[in-house]
Amino acid sequence: FFGSSKIVRDFIHIDDVTNVNIMLLDYYKQKGNLPYDYCFDVGTELPVSFQEVAENIIKLTNGSIKYIENPYNETNYQFYTKGNISSLECIYYETYAKEFSPLSIEEGITRTFYQKTK
């Protein structure tokens, strides 16, 4: 969209989402129950603009960006999202004794691109 540098999301790679689910199973095996209220915000806490996502894809494909008008406006479109993963990080550390470290946007796009094209 035009103005894509101002539209940000907390993108997370599917491999990281899968790893969080496996971590919760490991936690359950270790503790015999699940923590908290069983609902977790899974993200990176690092919102990235649509523009940055497009630029990373262009680097891999040598393509170009064609901008279009955003069909949504401020009243019916969420221009900013960011996960709160504090409880998830605590559980991850308790389960594995290390920090939760999701893929960067560059790594995630590269991994997705090469998985889809092989």
Side-chain angles (χ1 to χ4, degrees):
F1 302 131
F2 290 109
S4 289
S5 61
K6 297 176 185 157
I7 305 170
V8 297
R9 294 282 182 272
D10 187 347
F11 293 99
I12 187 163
H13 194 271
I14 188 64
D15 289 351
D16 290 318
V17 175
T18 302
N19 288 337
V20 166
N21 281 285
I22 291 168
M23 179 270 302
L24 288 170
L25 288 170
D26 288 344
Y27 182 95
Y28 182 81
K29 282 193 239 175
Q30 290 175 18
K31 307 289 184 186
N33 63 357
L34 289 174
Y36 310 118
D37 61 2
Y38 313 115
C39 183
F40 301 96
D41 202 354
V42 179
T44 65
E45 288 193 329
L46 300 169
V48 174
S49 72
F50 283 17
Q51 182 69 37
E52 190 174 339
V53 171
E55 288 170 356
N56 275 279
I57 292 170
I58 295 307
K59 282 183 207 173
L60 291 173
T61 63
N62 295 318
S64 62
I65 299 172
K66 178 183 176 186
Y67 291 93
I68 61 170
E69 292 294 328
N70 187 341
Y72 305 102
N73 60 41
E74 303 258 346
T75 61
N76 62 7
Y77 190 73
Q78 195 171 11
F79 282 76
Y80 180 89
T81 66
K82 177 184 169 188
N84 177 353
I85 61 171
S86 57
S87 61
L88 177 68
E89 287 178 314
C90 292
I91 297 163
Y92 198 90
Y93 192 82
E94 188 177 338
T95 306
Y96 298 128
K98 65 180 181 178
E99 300 292 319
F100 176 62
S101 167
L103 296 172
S104 69
I105 193 70
E106 296 86 3
E107 293 169 308
I109 289 171
T110 301
R111 187 176 290 189
T112 299
F113 180 79
Y114 286 115
Q115 284 176 345
K116 299 259 183 211
T117 58
K118 285 187 176 184

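Because the structure is a prediction, the values reported are computed rather than measured.
Under 3.5 Å, the side chains of Glu52 and Ser49 contain no donor-acceptor pair of N or O atoms.
Within the 4.5 Å cutoff, side-chain heavy atoms of Lys98 are placed close to those of Tyr92. Side-chain contact between Val8 and Phe79 is absent, with no heavy atoms from C-beta onward closer than 4.5 Å. Between Met23 and Leu88 there is a side-chain heavy-atom pair separated by less than 4.5 Å. Proximity of Phe50 to Phe11: side-chain heavy atoms (C-beta onward) are separated by under 4.5 Å at one or more points. Side chains of Glu69 and Phe2 form a contact here, defined as non-hydrogen atoms less than 4.5 Å apart. Counting heavy atoms from C-beta on, the side chains of Ile91 and Phe40 come closer than 4.5 Å. Side-chain contact check for Glu45 versus Asn84: some heavy-atom pair is nearer than 4.5 Å. Annotation: side chain of Ile109 is in contact with side chain of Ile57 (closest heavy-atom distance under 4.5 Å).
Partner of Val42 under the side-chain contact (heavy atoms from CB on, under 4.5 Å) criterion, out of Asn19, Val17, Asp16: Val17 alone.
Heavy atoms only, all atoms of each residue included: Pro102 and Ile12 are closest at CB-CD1, 4.5 Å.
Between the side chain of Asp10 and the main chain of Gly43, no donor-acceptor pair closer than 3.5 Å is present.
Atom OH of Tyr28 has 12 or fewer neighbouring heavy atoms from other residues, nucleotides or ligands inside a 6.0 Å radius. For Tyr96, the OH atom is densely surrounded, since the number of other residues' heavy atoms within 6.0 Å is greater than 12.
Within the model, atoms CD of Glu55 and CG of Leu60 stand 12.5 Å from one another, a figure rounded to the nearest 0.5 Å.
Salt bridge status for Glu94 with Lys31: present, with a side-chain N to carboxylate O gap under 4.0 Å.
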